[in-house]
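Take a look at the structure below.
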2 protein chains.
Amino acid sequence: MGRWQPNARGRLEQAALELYVERGFAQTTVTAIAGRAGLTERTFFRHFADKREVLFSGAAELQEVLVAAVAGAPQAAAPIDAVAAALDAVGAVMLDRPRSRRRQSVVAANPELMERELAKLAALSAAMAGALRERGVPEPAASLAAEAGVAVFRISFERWLDGPDGSELAPLMRESMAELKAVTAGT
Amino acid sequence: MGRWQPNARGRLEQAALELYVERGFAQTTVTAIAGRAGLTERTFFRHFADKREVLFSGAAELQEVLVAAVAGAPQAAAPIDAVAAALDAVGAVMLDRPRSRRRQSVVAANPELMERELAKLAALSAAMAGALRERGVPEPAASLAAEAGVAVFRISFERWLDGPDGSELAPLMRESMAELKAVTAGT
């Protein structure tokens with residue numbers, strides 16, 4: 001067998017999440033994660049800066065999906081509709097609810113991880129605002145539309161995690177977006 | 001002179017901010033802060049848990065102001081109007097722009113402080129959502145209205161700090177709220 005490890009990244013993510021749930025985040029070492037995945041620590045550090053980043057590797061993908069969808073929305077689309085299209089795109093990739101739930105239980109149990117989570121969400125909002133400005137949306141409309149989108153995402157994501165098995169994120173986000181529109185309209 | 005120190009808290013805040021700006025946050029010790037304020041370390045720790053919390057002592061006051069204003073809004077007010085009333089109340093207490101600007105320059109220079117700032121904003125949003133639920137606003141409308149309010153606050157606050165001397169926060173928040181309403185209406 002060569003040095004190439006099939007799906008090393010995915011195996012490390014899986015092993016880390018298992019151990020964080022079993023033992024707690026603070027009690028889990030990189031050595032233990034690599035061992036559980038049948039890989040070396042060196043391989044771990046080729047993929048992740050530290051054991052915290054394993055939990056946030058999805059944020060980069062999420063950002064790409066959001067930015068691409070905002071950029072790809074029809075030129076005539078209003079800013080909030082470009083944001084809604086971006087949330088639809090996110091809903092199409094976030095499908096593994098049991099895994100998201102396990103991950104969230106680890107993050108919610110640790111204030112330091114919660115703060116990192118909020119920083120990642122703020123970065124998503126900033127990236128989306130940038131993509132809206134690229135479309136010619138001025139400030140503060142671009143940042144407000146992006147913040148509205150992230151608020152809808154956050155609140156829908158929590159409802160999704162708390163909801164019944166088999167429910168999907170995308171319809172919840174559409175519902176929350178409609179609710180936000182009603183709320184800001186003062187109804 | 002007795003052991004009671006007039007305005008010890010305010011003097012410690014002032015001294016800390018001066019030192020953070022002069023030397024950087026990481027390079028400033030509690031000993032130095034207490035020394036600059038002419039007080040003891042013991043007095044420092046009677047008022048603040050650590051040197052980070054000095055920068056966030058305003059968050060508790062802000063939360064009280066927001067929650068009281070939401071609770072005190074006319075019973076017939078729509079949720080978003082109760083939130084707008086809360087932002088007006090905040091605008092009436094946040095008047096010292098030079099100080100806010102110095103504080104923000106310290107926070108922005110330090111990722112750990114930025115993460116703490118985001119956590120405080122998330123706590124403000126949660127507190128405001130709670131005050132809305134107390135008024136009988138159901139979820140997710142309560143959380144969405146609160147998140148919209150915090151987004152308006154954040155974006156207006158940044159604009160205020162970047163803006164010309166003598167400008168006020170309250171009118172910027174009213175403008176941003178109007179802009180958010182327009183954005184979510186799809187215009």
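In B:E53, the CD atom is crowded: over 12 heavy atoms of neighbouring residues, nucleotides or ligands sit closer than 6.0 Å. The 12-atom threshold is exceeded at CD of A:E22, counting heavy atoms of other residues, nucleotides or ligands nearer than 6.0 Å. Within a 6.0 Å radius of CD in B:E41, other residues, nucleotides and ligands contribute more than 12 heavy atoms.
Residue B:E147 holds its CD atom at 4.5 Å from CD1 of A:I155, rounded to the nearest 0.5 Å. The line from CE of A:M177 to CG of B:L144 is 9.5 Å long, rounded to the nearest 0.5 Å. We find the OG-CZ distance between A:S143 and B:R154 to be 8.5 Å, quoted to the nearest 0.5 Å. Taking CD from B:E139 and CD from A:E179, the interatomic distance works out to 9.5 Å, rounded to the nearest 0.5 Å. Note: A:K181 NZ to B:K181 NZ = 15.5 Å, rounded to the nearest 0.5 Å.
Nearest heavy atoms, B:V183 versus A:A141: CG2-CB, 3.8 Å. Between B:L118 and A:A122, the closest heavy-atom pair is CD1-CB, 3.9 Å.
B:L180 touches chain A through backbone and side chain together, each having a heavy atom under 4.5 Å away. Heavy atoms of A:V83 lying under 4.5 Å from chain B are absent altogether.
No chain of hydrophobic side-chain contacts below 4.5 Å, direct or via other Ile, Leu, Val, Met, Phe, Trp or Tyr residues, connects A:L95 to A:L17. Under the 4.5 Å side-chain contact rule for hydrophobic residues, A:V67 and A:V90 do not share a cluster. Hydrophobic clustering (ILVMFWY, side-chain heavy atoms < 4.5 Å, transitive): A:L12 and A:V106 are in one cluster. Linking ILVMFWY residues whenever their side-chain heavy atoms come closer than 4.5 Å, directly or via other members, places A:V21 and A:L113 in the same cluster. Cluster membership check: B:F56 does not share its hydrophobic cluster with B:L62, using side-chain heavy-atom separations under 4.5 Å among Ile, Leu, Val, Met, Phe, Trp and Tyr.
When each of A:M114, A:R159, A:E112 is checked for heavy-atom pairs under 4.5 Å with chain B, A:R159 comes out on top. When each of B:A146, B:P140, B:G186 is checked for heavy-atom pairs under 4.5 Å with chain A, B:P140 comes out on top. Considering only heavy-atom pairs separated by less than 4.5 Å from chain B, the leading option among A:S176, A:A148, A:P79 is A:S176.
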